[in-house]
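Let me begin by presenting the structure, written as structure tokens, before commenting on it.
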Amino acid sequence: QVQLVESGGGLVQAGGSLKLSCAASGRSVSSSTMGWFRRPLGKEREFVAAINWSGDYTKSSDSVKGRFTISRDNAKNLVYLQMNNLKPEDTAVYYCAAVRTYRGPFYVPIYHGEYDDWGQGTQVTVSA
């Protein structure tokens with residue numbers, strides 16, 4: 001089983017940027033699809049972005065497209081979420097997740113149930 005630890009969250013003004021990191025330990029995630037989800041206070045968990053094992057295929061939600069970028073460094077067992085032009089509605093706890101089994105080169109699910117391992121989350125707060 002892999003352990004995922006998110007970092008990089010914090011408080012930022014609207015229009016600002018943050019870069020989240022997800023560090024994996026326990027096993028390599030170099031062959032795993034990785035994803036970022038978020039849960040705004042009092043709301044359901046929602047998909048943010050996902051990246052395939054090699055990093056050359058990604059998918060993002062419409063609400064963050066053009067502002068957030070997911071990337072990975074397999075040599076370091078790290079996944080990133082670069083967040084630019086942040087808005088107050090981006091305020092949420094952000095979670096990193098991994099799919100345990102390789103399921104093809106373009107497998108980037110948006111449904112949280114497809115992911116097997118989850119981090120504890122990091123809070124992102126965007127002030128108006």
For [X] and [Y], which heavy atoms make the closest approach, and how far apart are they?
X: Asn52; Y: Val108; answer: N-CG1, 3.5 Å
X: Leu20; Y: Met83; answer: CG-CE, 3.7 Å
X: Leu86; Y: Leu18; answer: CD1-N, 3.8 Å
X: Arg100; Y: Asp117; answer: NH2-OD1, 2.7 Å
X: Gly121; Y: Glu6; answer: N-OE1, 2.9 Å
X: Val2; Y: Ala98; answer: CG1-CB, 4.5 Å

So [Y] and [X], do their side chains get closer than 4.5 Å, heavy atoms only?
X: Glu89; Y: Ser63; result: no
X: Val124; Y: Thr91; result: no
X: Arg103; Y: Thr33; result: no
X: Tyr115; Y: Phe37; result: yes

Check: Val99 main-chain N/O paired with Ser32 side-chain donor or acceptor under 3.5 Å | yes
So, Arg72 side chain and Gly55 main chain: donor-acceptor pair closer than 3.5 Å or not?
-> no
List the steps and the verdict of side chain to side chain contact (heavy atoms under 4.5 Å, CB included) for Tyr95 and Leu4.
-> CA-CA 9 Å; Tyr95 299 90; Leu4 303 174; over 6 Å; no
According to a 4.5 Å side-chain heavy-atom criterion applied to Ile, Leu, Val, Met, Phe, Trp and Tyr, with indirect links allowed, do Val93 and Val12 form part of one hydrophobic cluster?
->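 No, Val93 does not connect to Val12 through the hydrophobic network.
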Rounded at 0.5 Å granularity, tell me how far [atom1] in [X] sits from [atom2] in [Y].
X: Lys19; Y: Asn84; atom1: NZ; atom2: CG; result: 10.5 Å
X: Asn77; Y: Ser30; atom1: CG; atom2: OG; result: 7.0 Å
X: Cys22; Y: Trp118; atom1: SG; atom2: CH2; result: 11.0 Å
X: Ser71; Y: Leu81; atom1: OG; atom2: CG; result: 8.5 Å
X: Trp53; Y: Ser31; atom1: CH2; atom2: OG; result: 8.5 Å
X: Ile51; Y: Trp36; atom1: CD1; atom2: CH2; result: 11.5 Å

Indicate the ring-plane relationship of Tyr94 and Phe68, choosing parallel, tilted or perpendicular according to the 30° and 60° boundaries.
-> tilted
Decide if atom CD of Gln123 counts as having more than 12 heavy atoms of other residues, nucleotides or ligands within a radius under 6.0 Å.
-> yes
Answer yes or no: are there more than 12 heavy-atom neighbours, outside Leu78 itself, under 6.0 Å from its atom CG?
->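 Correct, the count exceeds 12.
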Ion pair check, Asp90 and Lys87, cut-off under 4.0 Å =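 A salt bridge is absent here (no side-chain N lies under 4.0 Å from a carboxylate O).
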Residue pairs meeting salt bridge (charged side-chain N to carboxylate O under 4.0 Å, His left out), one or both in residues 40-49, sequence neighbours left out, come to Arg38-Glu46
